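One structure is given here, and the rest of the page talks about it.
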Amino acid sequence: MRRLESDYHVHSYRVPTSYTNGHIHWMAGVTGPPVPMGPSHVHYYSTVTTLDQGHVHCASGVTGPSIPCPGGGHTHLLTGCTSVDHYHSHYYGSYTGNEESSMLFQRRAI
């Protein structure tokens with residue numbers, strides 16, 4: 001199957017964590033390029049949370065498959081659990097932003 005440069009895209013995300021031990025953190029970033037998965041695709045992500053109460057957490061994983069948006073484009077579910085730091089972790093769950101073209105990953109037909 002030939003992939004076109006329009007197939008190369010990323011998604012931004014800005015996600016709050018669960019409220020644990022009296023605080024939350026925020027995670028923000030941009031996913032990696034699409035990875036084919038069955039009839040859809042997923043994206044890898046890796047991030048560090050905001051600094052709150054003197055510590056941060058790491059989070060990484062794979063998004064869910066694409067979910068069409070009513071106005072066009074698509075989004076992905078982003079869920080998981082952060083690393084354990086200061087004797088606790090946080091859960092998170094939200095959706096990525098709509099797809100964004102990325103010059104970093106664009107190529108001619110391959």
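Keep in mind that this is a model prediction, so the values were computed, not measured.
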Inset, instruction - Search all heavy atoms of T63 against all heavy atoms of V42 and return the closest pair with its distance. - result: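 So the two residues come closest at O-CG1, 3.4 Å.
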Legend entry - Nearest heavy-atom neighbours spanning S18 and I24: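 Heavy atoms only, the tightest pair is O-CG2, 3.7 Å.
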Inset, instruction - Please test S89 against T82 for side-chain hydrogen bond (donor to acceptor under 3.5 Å, both in side chains), starting from the C-alpha separation and ending with a verdict. - result: CA-CA 5 Å; S89 62; T82 67; 4.8 Å; no
Compare all side-chain heavy atoms of [X] with those of [Y] and state whether any distance is below 4.5 angstrom.
X: C81; Y: H90; answer: no
X: M27; Y: R14; answer: no
X: T31; Y: Y13; answer: yes
X: H74; Y: H9; answer: yes
X: V15; Y: W26; answer: no
X: P34; Y: H43; answer: yes
X: S94; Y: L78; answer: no

Legend entry - Flag for T96-T75: side-chain donor and acceptor within less than 3.5 Å: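 There is such a pair (donor and acceptor under 3.5 Å, judged by atom type) between the side chains of T75 and T96.
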Inset, instruction - Scan side-chain atoms only and decide if H86 and H23 contain a donor-acceptor pair under the 3.5 Å cut-off. - result: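 H23 and H86 do not have a side-chain donor-acceptor pair below 3.5 Å.
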Legend entry - Inter-residue atom distance Y92.OH - T49.OG1, 0.5 Å rounding: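 Here the interatomic distance stands at 11.0 Å.
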Inset, instruction - Please round to the nearest 0.5 Å and tell me the distance separating atom OG1 of T20 and atom NE2 of H88. - result: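 Reported to 0.5 Å precision, the distance equals 6.5 Å.
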Inset, instruction - Give a yes or no on whether L51 and V48 share a hydrophobic cluster (residues Ile, Leu, Val, Met, Phe, Trp, Tyr; joining criterion: side-chain heavy atoms under 4.5 Å apart). - result: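 Yes; tracing contacts between hydrophobic side chains, which count when under 4.5 Å, links both residues.
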Inset, instruction - Look at the side-chain heavy atoms of Ile, Leu, Val, Met, Phe, Trp and Tyr, link any pair under 4.5 Å apart, and say whether V35 and Y45 land in one connected group. - result: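 Hydrophobic grouping puts V35 apart from Y45.
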Keeping [X] on the side-chain end and [Y] on the backbone end, is there a donor-acceptor pair under 3.5 Å?
X: N98; Y: G71; result: no
X: T47; Y: A28; result: yes
X: S83; Y: C58; result: yes
X: S40; Y: S66; result: yes

Inset, instruction - Return the orientation label for the H25 and H55 ring planes: parallel under 30°, perpendicular over 60°, tilted otherwise. - result: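 Plane angle over 60°, so perpendicular.
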